[in-house]
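Residue numbers start at 1 and run along the sequence shown. Order of listing sets the numbers, starting from 1, for every ligand and every atom in it.
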Amino acid sequence: MRPVHAGARILFVGDVVGASGRRTLFAVLPRLRERHRLDFVVVNGENAAAGRGITSKIARELLAAGVDVITLGNHTYSHHEVYAFLDSEDRILRPANFLKSQPGHGICVVEHDGVRLGVVSLSGNLFMNASLPAFSEADAALYSLRDRVDHILVDMHGEATSEKIGLGWYLDGRVPAVVGTHTHVPTADARVLPGGTAYITDVGMTGARGGVIGVKRELAIESMLTRMPIRFEPSDEDPWLQGVLIVAGPEPLRAASIDRVEEPFQG
Ligand SMILES: [Fe+2]
Ligand SMILES: [Fe+2]
């Protein structure tokens with residue numbers, strides 16, 4: 001067993017979009033695991049089922065492929081079928097600041113070689129549909145994880161860059177990692193903040209770069225041109241995995257580094 005607060009190498013993967021995103025994750029993960037000697041893999045899966053939400057079958061496939069924790073977001077409840085699974089499976093998280101009455105939970109703890117990682121899913125409040133305030137629910141999540149984790153990763157699923165940056169500063173020095181998701185476009189601000197929190201405003205997505213944030217581009221453009229409802233389908237063109245590698249520890253609640261990871265389906 002490693003000592004408490006031993007370092008942990010964590011891959012966080014941005015929103016997996018549709019079948020091409022899943023195929024890319026499954027193809028790329030083994031080589032990333034070997035290259036980066038990963039201890040934990042956390043994946044945002046809110047677009048894994050044809051671009052909207054996730055099913056229990058797909059969630060099981062992700063977990064079976066070696067994903068330790070799945071986080072979600074505003075598309076959590078697109079498939080009624082998954083609600084019971086959200087309640088029964090510890091390692092799939094919907095935002096902790098959804099209502100307590102909504103299915104699922106927003107916090108879990110996973111362990112690898114004696115090192116315990118707490119994961120917290122949060123949703124922004126600006127332009128998003130979360131009912132409870134993200135910042136105070138983050139405080140509550142950290143309180144509930146006290147004394148039972150060595151590291152904590154927070155996925156802040158939000159539209160507004162300002163809100164995600166604000167949460168990064170709010171939690172700086174209190175958790176090793178705050179990563180942003182939802183916009184599907186990676187930002188160029190990955191860094192370890194002065195208090196020791198690894199931070200990025202958005203890690204990007206895992207899916208087709210040939211589309212419009214994962215959607216077939218001709219459908220997205222048609223909807224913008226015509227202003228009429230269009231049924232979106234995920235693109236398959238030029239899929240990539242986008243994420244970040246965070247080295248947490250060895251100091252408690254501190255990260256040593258955060259680096260963006262971009263890997264094509266064909267390595
Ligand atoms: Fe997404
Ligand atoms: Fe989202």
Between the side chains of H157 and T181, does any donor sit under 3.5 Å from an acceptor? yes

Using the salt bridge (Lys or Arg N to Asp or Glu O under 4.0 Å) rule, take D39 and R9 through it: C-alpha gap first, then chi angles, then the decisive distance, then the call. CA-CA 5 Å; D39 296 304; R9 302 173 65 83; 5.7 Å; no

So with a 6.0 Å cut-off around CZ of F127, is the heavy-atom count from everything else above 12? no

4.5 Å side-chain heavy-atom contact, D155 and V119: no

Residue-atom pairs from the protein, N, O or S only, that lie under 2.8 Å from the Fe ion (ligand 2): E46 OE2, N74 OD1, H157 NE2, H182 ND1

List for me each residue that meets ring-ring contact (aromatic ring centres under 6.0 Å, His included) alongside F98, sequence neighbours excluded, and say none if there are none. Y77

Y199 and D172: side-chain donor and acceptor closer than 3.5 Å? no

Considering only N, O or S atoms, which atom of H184 is nearest to the Fe ion (ligand 1)? NE2

